[in-house]
Amino acid sequence: MSILEGRVAVVTGASSGIGEACAVEFVNKGAKVVLAARRAERLSGLVEKIEGMGGEALAVTTDVTDEDAIANLFAEAVTRFGGVDVLINNAGIAENTPVHETSLEHWHKVIDTNLTSAFLCAKHAWPLFLKAGHGRIVNIGSISAKVPRSECPSYTASKFGLQGLTHALAVDGRDHNIAVSIFHPGIVATEIMPGSVKLPENFAATPEEIAEVIVHMCNLPDYLNFYEALVVQNKLPFLGRG
Ligand code: NDP
């Protein structure tokens, strides 16, 4: 039996792409899921799909840059399911602007969405993990946390920051049976990609392929931490950056 059977996983950015696929994969492993994102109708559609699979899901419309909304997300999770065991910090936006054209406002938007959100969700999940006596966080980083793409300073900084936050929380979690890790996707065919980008066939990963790896990282005994993983396109030289 999977350790995830009956456990509760909060997935941010669950309205599309990797987050949506993770929610479905958690349910395949017997977990209950709490779905967070801004697009309420996409979340309700996913709840219907999961209930159709015989699973349990709660949609909480959440802007992950808003601490009150995050407090409400975890409060609703507790009301419905009694606690939270796993957190997937997946919500994120892409950004491709050279430094001299990046406004301070835009810089803050990328950092708030991709990095500060993970801090806030960890902050509100932590007391629930302490209460449960265990917990697990997987932050969704990027290959950009390893090798920057050109002309994306804010996105790259947000993902390097997420790597740092992961290390810090992994150290702090050890004494409390809380495992914190990071998963770095390479190129995944999701809505984050501009429609104009044409990728060769058999190149981009599907969200489902990536979700299997992320949920596998959570499907371990509480005394183990799958600390870091990176899935990149095999045919790209030097870790996907040429
Ligand atoms: P999608 O655009 O499909 O998903 C992004 C999700 O983030 C959406 O569900 C969106 O929901 C949510 N989101 C964005 N801003 C907010 C916000 N302020 N509050 C709440 N939710 C928000 O892209 P992916 O699935 O590809 O992206 C998921 C993660 O994977 C991101 O962190 C991304 O950086 C990372 N990644 C993706 C790669 C790829 O090639 N696809 C490569 C490397 C990393 P909504 O708009 O409804 O709020």
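Every number for a ligand or one of its atoms is a count from 1 in the order of the listing. Residues: numbered from 1 along the sequence shown. Because only heavy atoms are used, hydrogens play no part in the values below, and waters and symmetry mates are left out as well, while side chains stay in.
- Checked against a 3.5 angstrom limit, the closest N/O atoms of S15 and ligand 1 fall inside it.
- Between K109 and E95, no side-chain nitrogen of the basic residue sits less than 4.0 Å from a carboxylate oxygen of the acidic one, so the salt-bridge criterion is not met.
- Between Y227 and H167, the ring-plane angle classifies as tilted under the 30° and 60° cut-offs.
- Between K159 and ligand 1, at least one pair of N/O atoms sits closer than 3.5 Å.
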- Could you go through the side chain to side chain donor-acceptor pair (under 3.5 Å) check for N177 and D222 one step at a time? CA-CA 7 Å; N177 213 20; D222 292 332; 4.5 Å; no
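- Residue P185 places no N or O, backbone or side chain, under 3.5 Å from any N or O of ligand 1.
- Close approach of ligand 1 to S142 (heavy-atom distance below 4.0 Å) involves ligand atoms 43 (C), 44 (C).
- Shown in contact with Y155 at under 4.0 Å from a heavy atom are these atoms of ligand 1, numbered in order with element: 33 (C), 34 (O), 36 (N), 43 (C), 44 (C).
- The residue among R38, E41, R42 with a heavy atom at the shortest distance from atom 17 (C) of ligand 1 is R38.
- Compare I18, N90, V11 by their heavy atoms: the one nearest to atom 25 (O) of ligand 1 is in I18.
- Between K29 and E25, at least one side-chain N (NZ, or NE/NH1/NH2) sits under 4.0 Å from a carboxylate O, which counts as a salt bridge.
- Ion pairing between a basic and an acidic side chain is recognised when a charged N comes within 4.0 Å of a carboxylate O; E228 and K146 show such pairing.
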- Task: List the steps and the verdict of salt bridge (Lys or Arg N to Asp or Glu O under 4.0 Å) for E76 and R80.
- Result: CA-CA 6 Å; E76 291 218 22; R80 169 75 183 267; over 6 Å; no
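- For A204, the closest heavy-atom approach to ligand 1 does not fall below 4.0 Å.
- Ligand 1 does not have E20 within reach: every non-hydrogen atom of the residue lies 4.0 Å or more from it.
- Residue-ligand proximity: G141 is placed with a non-hydrogen atom under 4.0 Å from ligand 1.
- Between the side chain of T62 and the backbone N or O of A37 there is no donor-acceptor pair closer than 3.5 Å.
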- Going through the checks in order, is the salt bridge (Lys or Arg N to Asp or Glu O under 4.0 Å) test met by R42 and E191? CA-CA 13 Å; R42 296 281 286 258; E191 293 169 24; 2.5 Å; yes
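- Close contacts between ligand 1 and T62 involve ligand atoms 19 (N), 20 (C) [criterion: under 4.0 Å to a heavy atom].
- Heavy atoms of I140 approach ligand 1 to within less than 4.0 angstrom.
- Looking at I187, T190, D63 and measuring to atom 18 (N) of ligand 1, the nearest heavy atom belongs to D63.
- Compare I93, V188, L73 by their heavy atoms: the one nearest to atom 39 (C) of ligand 1 is in V188.
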